[in-house]
Protein chains: 2
Amino acid sequence: MTTSSSYHHGDLPAALRSASAELIAERGPTGFSLREVARRAGVSHAAPAHHFGTTTGLLTSVAAEGYQLLSNAFDEAVADIDDPITRLKAMGKAYVSVALSNPGHFGVMCNKELLDTDNPDFTEASGSSYTRLLEAIEVISAAHNPDLDIEAAAAMTWSSVHGLALLITSMPMVTQDGTEPTEAAAELIDRFADLMLYGYAAR
Amino acid sequence: MTTSSSYHHGDLPAALRSASAELIAERGPTGFSLREVARRAGVSHAAPAHHFGTTTGLLTSVAAEGYQLLSNAFDEAVADIDDPITRLKAMGKAYVSVALSNPGHFGVMCNKELLDTDNPDFTEASGSSYTRLLEAIEVISAAHNPDLDIEAAAAMTWSSVHGLALLITSMPMVTQDGTEPTEAAAELIDRFADLMLYGYAAR
DNA sequence: GATAGAAACTTTACAGTGTCAATTTGGGAG
DNA sequence: CTCCCAAATTGACACTGTAAAGTTTCTATC
């Protein structure tokens with residue numbers, strides 16, 4: 001797990017992923033440039049191709065890393081929680097938190113346009129995140145609503161939380177130190193969750 | 001409203017918007033190129049700059065046009081409907097329908113990265129779409145749930161419907177003729193709406 | 001330990017891009 | 001008819017992604 005130094009450069013793939021995330025965080029996915037990333041990593045402009053093929057390959061690798069971070073964050077978030085609904089809310093907060101602390105990864109994770117969605121590393125990492133959500137909803141279904149359409153509920157939840165994360169990241173003054181959402185944002189997440197869980201047409 | 005022919009080319013701005021939408025529909029926002037658009041419109045590569053400044057300017061104009069289409073679609077969708085909840089569902093279907101029939105516009109509308117979100121035409125068009133959603137939810141709130149947090153509900157609804165549209169557009173065989181969602185998709189929209197309206201934790 | 005071979009990286013080259021500045025073209029007002 | 005201004009073109013620049021060929025460095029085998 002420590003950086004294997006079997007390459008000339010130490011661990012160039014990791015260095016390139018990291019430089020990419022920084023660059024995207026600074027300039028957005030649009031401002032990304034393969035040559036600028038190579039410059040920041042201190043290698044020639046063609047070096048990335050050797051490890052990732054094309055730009056898409058590199059960005060896909062960044063996205064996969066992001067989904068791994070998300071998966072881990074989900075696991076940590078629910079580790080000490082029993083109540084199914086509290087668990088789901090914690091996952092929502094974890095999602096927003098990951099988006100805030102890893103803006104470079106987040107900026108690329110949901111831009112399927114930029115990614116090779118057939119890449120095995122990517123499908124495995126994103127699938128593993130999604131599976132955790134599915135499981136959380138299955139537990140809620142078992143406890144509260146056996147007739148629930150789990151697939152639809154998961155898709156809707158994912159969309160909502162993603163939209164919420166976009167909303168929060170675009171709100172100024174919503175982060176305290178650039179990593180954790182403020183209490184105001186956390187409260188917003190709770191309100192979203194209640195809306196989603198109990199609906200807004202019901203009395 | 002008819003094409004004013006006060007330019008050499010007839011109405012180049014409109015022609016460029018149209019060519020842009022086609023190109024984006026073919027190759028996605030990433031495959032977009034100002035020079036290719038100019039080629040398709042039969043003008044030199046620098047002609048677009050004269051009307052839109054930069055690439056961002058052109059894409060912003062396309063996005064604004066898309067939001068106008070959406071606003072109009074909302075209005076038509078609810079024209080003959082009284083029941084507030086049925087109205088909201090109709091708006092959801094209209095959203096998906098617009099996304100399916102205008103993939104070029106849709107591909108750019110929600111990529112804030114590519115747009116000048118301060119452009120007055122854009123803010124007016126997108127604001128007008130969002131206002132229609134807000135109003136629809138206010139009516140539901142008045143009829144069913146006076147305590148509803150309308151802003152949060154609107155944000156969540158927009159996110160969910162957008163996610164649903166992304167889901168449907170990425171599903172093969174879900175469109176019959178490229179413009180209207182199939183019955184299967186329409187049913188999916190209803191299921192989403194019910195989940196959103198009545199929640200999934202409630203019995 | 002020398003040496004072949006493979007992997008990591010560089011160099012060079014090419015077609016394409018966005019934007020800018022300097023021109024040319026064309027239609028309408030005086 | 002002439003002048004003028006908007007519309008559009010031409011040419012240039014720095015930059016991009018990718019491909020091919022060449023160079024360096026590690027590794028494994030004799």
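Every chain is numbered from 1 and lettered A, B, ... according to where its sequence line falls, protein lines coming before strand lines. Note that these values count all heavy atoms, side chains included, but never hydrogens, waters or copies made by symmetry.
Per the geometry, NE2 belonging to B/H50 stands 13 Å off P belonging to C/dC20, to the nearest Å. A/F32 has its CZ atom 7 Å from the P atom of D/dG17, to the nearest Å. Nucleotide D/dA7 holds its P atom 13 Å from the CG atom of B/L16, rounded to whole Å. With rounding to whole Å, B/L58 atom CG is found 15 Å from C/dT17 atom P. A straight line from CZ of A/F52 to P of D/dA19 spans 16 Å, rounded to a whole angstrom. In this structure, CG of A/L59 is placed 15 Å from P of D/dT16, rounded to the nearest angstrom. Counting to the nearest Å, the C1' atom of D/dA6 and the CG atom of B/L12 are 13 Å from each other.
A heavy-atom distance below 4.5 Å is found between the side chains of B/L88 and B/L197. Contact check for A/D190 versus A/K89: side-chain heavy atoms found under the 4.5 Å cut-off.
Terminal axes of the helix from C/dG1-D/dC30 to C/dG30-D/dC1 (five pairs each, C1' rotation axis) are separated by 0°, to the nearest 10°.
A donor-acceptor contact under 3.5 Å is formed by the side chain of B/H45 with the base of D/dG11. For C/dG16, its base never sits under 3.5 Å from the side chain of B/R35 at any donor and acceptor pair.
Side-chain contact, A/H144 with B/Y200: no donor N or O sits under 3.5 Å from an acceptor N or O. A donor and an acceptor atom, one from each side chain of A/S71 and A/S129, are located under 3.5 Å apart.
For the pair B/R39 and C/dT17, the criterion of a side-chain N or O lying under 4.0 Å from OP1 or OP2 is met. Within the structure, every side-chain polar atom (N or O) of B/H51 is placed at least 4.0 Å from both OP1 and OP2 of D/dA6. OP1 or OP2 of C/dG18 lies within a sub-4.0 Å distance of a side-chain N or O belonging to B/S33. Note on A/T54: every side-chain N or O is 4.0 Å or more away from OP1 and OP2 of D/dG17.
Nearest heavy atoms, A/I81 versus A/R87: O-NH1, 2.8 Å.
The side chain of A/S44 sits closest to C/dT11 out of D/dG17, D/dA7, C/dT11.
Among the atoms of the strands shown, base atoms are found under 4.0 Å from some heavy atom of A/A47. When heavy atoms are screened at a 4.0 angstrom cut-off, A/A46 is found touching base atoms of the nucleic acid.
Checked against B/H105 for a side chain to side chain donor-acceptor pair (under 3.5 Å), the options B/R17, B/E65, B/Q68 give a single hit: B/E65.
Taken to the nearest 0.5 Å, the CD1 atom of A/I137 stands 7.0 Å off from the CG atom of A/L148.
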